[in-house]
Amino acid sequence: MTLLATSARRAAPVFACIGLLAIWQVASLALKNDSFPTAIEAIRAIPDILGDKESLINILASFRRMAIGFGVAVLVSIPLGLLMGRSRAVAAFFNPLLMVIYPVPKAALMPIIMLWLGVGDIAKTLVIFLGVSLPVIYHSFEGARAVEEKMLWSGAAMGLSPLQRLIRIVLPAALPEVLTGCRTGLVLALITMITSEMIARQSGAGNILFNALDMGQYDTVFAMIIIVGAMGICLDAIFERVRARLVRWSEPQFDMPLSFS
Amino acid sequence: MKVVPSRSSEWVRPVTSQKPASAIIEIDRVSQVFQTSARKDHLALSDISLTIDEGAFVSILGPSGCGKSTLLYIVGGFVSPTSGAAKIKGQAITGPGPDRGPVFQEFALFPWKTVLGNVMYGPRQQGVRTPEAEAQSRALIEMVGLKGYENFYPKELSGGMKQRVALARTLAYHPEVLLMDEPFGALDAHTRTRLQNDLLNIWERDRKTVLFVTHSVDEAVFLSDKVVMMSKSPGRIRQVIDIDLPRPRRRNELLLDPRYQKYVVDIERMFDEVDETGSPS
């Protein structure tokens, strides 16, 4: 690949962001609607939010709930998914339960959970946990199921016990698929974080956003959308780097050029 | 050396009383039924009895679907027979163990480990300390002809190289019996020939007991002391042929040897019979 093509590829995301903001700016100027501030107005409101101690505490509280919900969900879901993938009995027990929970929007459970657990951290973290769990369980399950039987037999012949085989063969062999699930889970953690705060309006990034909406501070609303979006991009980029490092052994050996490049 | 097939049930006798002093594996009236659907059962192996002597290279030869791999998996302890029993050194086989090392057609390497990591896995699991395990593994990697590839991942290797790693990985924990399940079946003809030569060279050094499943007549005759010919549906032992050819064997000499040629022609004819008609019932 030429140097020009490489640098073009690197710069592409930047161009995409600039393009999006430009379209936003033009559309906003053309529509002249009070509830649709221009991109520049929204960006100008960002320092106000990040400079305000109260807002910053709110955003950090959201982030903490998200991290705990995501972390606990991953710790519970990976072992469960792997077990389901290797044991028919475990899969037969949990599959129907998960099939019932999967299509339900987790935010729809929020009112009930609030009745039980109040509007505090526990209820919101639980909703994030539920949102993250299902894709992680599902991908761990599929990953574990696809592990080659002969690989496990090879391990058994070396003297690995069933538990050792699960941890030392099934887990690493399924890791690429497990991490795909975690990546989906990470995005869902961000979504459920905002929606939970939208319903249980007490604190958090979602609370800032919807309070601003109530008060007609549309530049703040859009600024918060940009902040949440940026958070998502950063988290995903960090996760992707970690993922690529962990499963380097499974990546295709050559970077295949796309047919039209 | 004696490999004893039993084809009829009246010929049954206690295996222990007649076993040769050096028998390492005894398969005693093993049958295997697989449930293919809710109502239908498939008899994969029917009443197989076989004794394998220590240090012998024994091939199990047969058409696809004769249950020859299943028989190997039963000896490996990966599959439990529906009836009958398999023993190693007089002990009933109840599960896999490091005394029986499998090498599969699919290689089954650990893709997240390097070549060295794969070969060291068994010795480390057996409690060999890392420096010793590493030194032994490096020597084995050199023996199978992969010196310089220690830090490569399986995805970076060709099929033949992967199978060399798989062989080294199994040899590394010193199994008493090698269980080879069509190990060269997925390789191209040239690579296959080279691996057969190398396997024979390695084997002729320490003469481990080998149970080798194949559907290639040439391969079975070239490598083995005994060829166990199986017929299909259900899988039965059709005949056991002693391959009385001198060792060490060299391919270029053997291919010109009329005795080798006769074995191949005779066994090929037998193969055609069992493949067309199934087993006589």
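Within every chain, numbering begins at 1; the chains are lettered A, B, ... in the order of the sequence lines, protein sequences first and strands thereafter.
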Where does [X] contact chain A at under 4.5 Å (heavy atoms): side chain, backbone, both or neither?
X        : value
B:Tyr121 : both
B:Phe78  : both
B:Leu179 : neither

Nearest atoms (heavy-atom pairs only) where B:Pro102 meets A:Ala157
CD-CB, 3.5 Å
Could you have a look at B:Ala166, B:Pro123, B:Ala108 and say which one has the most heavy-atom pairs with chain A under 4.5 angstrom?
B:Ala108
Ranked by heavy-atom pairs below 4.5 Å to chain A, first place among B:Pro98, B:Pro111, B:Gly76 goes to B:Pro111
Sort [X] into side chain, backbone, both or neither according to what part of it lies under 4.5 angstrom from a heavy atom of chain B.
X        : result
A:Arg248 : backbone
A:Leu152 : neither
A:Gln164 : side chain
A:Leu175 : neither

side-chain contact (heavy atoms from CB on, under 4.5 Å) test vs B:Trp112 passes for just one of A:Leu246, A:Val247, A:Ile169, namely A:Ile169
Determine whether more than 12 heavy atoms belonging to other residues, nucleotides or ligands lie under 6.0 Å from atom [atom1] of [X].
X        : atom1 : answer
A:Ile122 : CD1   : no
A:Arg243 : CZ    : yes
A:Tyr138 : OH    : no
A:Phe239 : CZ    : yes

Before you tell me yes or no, could you show the steps for B:Gln105 and A:Lys150 under side-chain contact (heavy atoms from CB on, under 4.5 Å), namely the whole-Å CA-CA distance, both residues' side-chain angles and the distance that decides it to 0.1 Å?
CA-CA 9 Å; B:Gln105 183 178 2; A:Lys150 307 274 163 74; over 6 Å; no
At what distance, to the nearest 0.5 angstrom, does CZ of B:Arg124 lie from CE of A:Met158?
13.0 Å
CZ on A:Arg168 to NZ on B:Lys113, rounded to 0.5 Å
7.5 Å
Taking every heavy-atom pair that is under 4.5 Å apart, which of A:Gly155, A:Ala156, A:Ser250 has the most such pairs with chain B?
A:Ala156
Could you check B:Phe104 against A:Glu148 for side-chain contact (heavy atoms from CB on, under 4.5 Å), going step by step and ending with a plain yes or no?
CA-CA 11 Å; B:Phe104 298 108; A:Glu148 227 186 311; over 6 Å; no
